[in-house]
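First the structure, in the form of structure tokens, and then the observations on it.
Along the sequence shown, residues carry numbers from 1. Note that ligands are numbered from 1 as they come in the structure, with each ligand's atoms numbered from 1 the same way. What you see below is based on every heavy atom in this structure, not just the backbone, and it leaves out hydrogens, waters and symmetry mates.
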Amino acid sequence: MKTTIEKLAGDTEGVSYELTVFRFKGASKNSPTAYIQAALHAGELPGVVAVHALMPKLRAAEAEGRILGDIMIVPAANPVGRAQYHFGELEGRFHMGTRNNFNRDFPLLARPDKSALPSLPAASTTDRRLKHLLVGLSMGHDIVLDLHCDFEGVPYLYVPKQLWPAMQDCAAAMGVDAVVLWDGPSGAAFEEASIYPWLQVSPDKARLEQRVVTTVELRGLSDVYDRYAKADAEGIYRLLATRGVIADEKAAKPRKYTGVVATIDHVDMIAMPRAGAILFHVEPGQRVRKGARLATIVHSPGEENGSVDVLAPQSGYVFTRVSKRSGRAGDDIVKMIGDARSAHAKSGALED
Ligand SMILES: [Zn+2]
């Protein structure tokens with residue numbers, strides 16, 4: 001394994017960032033290659049600890065000559081966001097200098113080749129330089145995993161519609177509970193930047209059935225535990241074995257995916273009708289009937305009729321909820337996968 005440090009200039013004098021990259025060389029040129037990054041949203045650490053638990057397994061595979069395809073790992077993809085403490089709170093989702101989401105506005109290349117990456121204008125800000133760097137590192141790999149997490153949630157995947165059902169084996173290997181299929185523009189999220197160039201070339205070159213591109217949501221922000229890290233590392237390792245990046249017959253044994261699958265237009269984003277305190281009645285992973293109470297919002301404490309119930313707009317499956325317990329009118333607090341299309345269906349990206 002080779003370790004390199006990528007340097008990233010900051011936006012002011014005397015400021016720079018460093019990014020660690022691990023590279024395992026595959027023994028076979030014909031085997032699929034993999035790129036795995038974690039914490040692009042810098043405060044989302046379940047993926048970081050999963051990668052930490054994965055590394056010893058990869059080192060062992062390397063020592064035994066079982067790594068077939070090249071593997072590149074970026075265990076903490078966003079040192080810029082990681083340093084953004086504002087009054088004691090980490091702001092890892094948006095770049096504070098530009099207000100841009102770190103997982104939007106990636107360059108969309110015309111072909112799946114680093115040479116298609118345009119050179120950066122000199123006036124680019126650090127967040128743009130970071131996105132340019134990450135696309136350059138990941139481009140051309142057959143398997144691209146972007147490890148994120150939700151506020152509170154089940155483990156689930158976003159998958160480009162074009163890669164399903166071919167990616168069922170991956171969902172099964174990783175042991176996720178739900179898969180959300182999307183297509184169309186998603187604000188140029190990293191996942192879109194990873195699949196877009198392959199959709200611009202002919203099907204025989206793209207070989208979409210061999211490709212894995214996914215945003216992996218590893219439960220919630222606070223689900224940073226040794227047991228989850230180990231389980232998620234096992235899941236990623238199984239995926240690599242299943243797709244032939246690593247030779248391990250036992251881990252590669254095919255599994256059947258039995259979780260929830262839906263297109264993104266089935267996702268209902270449930271918003272608060274009033275500002276106030278949130279009393280949840282449901283947890284991620286629960287099925288609900290139409291009209292079921294998802295939460296009660298206490299908007300006028302102490303008063304008669306001082307609270308209002310938030311009801312399920314249709315029957316379905318609750319897969320995330322926010323971790324805060326207070327909010328403003330209009331704040332989204334629950335994501336559920338409805339049995340039918342949502343009355344407020346979205347296509348590419350659910351959140352800003
Ligand atoms: Zn994220």
Would you check if the side chain of K161 reaches a backbone N or O of G184 as a donor-acceptor pair within less than 3.5 Å?
no
Presence of N, O or S from C149 under 2.8 Å of the Zn ion (ligand 1)
no
Among R243, K256, K253, which one satisfies salt bridge (charged side-chain N to carboxylate O under 4.0 Å, His left out) with D169?
R243
Indicate whether the side chain of D70 and that of H141 have a donor and an acceptor atom separated by less than 3.5 Å.
no
Without swapping roles, check the side chain of D268 against the backbone of I270 for a donor-acceptor pair under 3.5 Å.
no
Would you name the N/O/S atom of E44 that lies closest to the Zn ion (ligand 1)?
OE1
Less than 3.5 Å apart, any donor N or O on the side chain of D11 or T126 sitting next to an acceptor on the other?
yes
Is there an N/O/S atom in E217 that lies less than 2.8 Å from the Zn ion (ligand 1)?
no
Which atom, counting only N, O or S, brings H41 closest to the Zn ion (ligand 1)?
ND1
What N/O/S atom of H148 gets nearest to the Zn ion (ligand 1)?
ND1
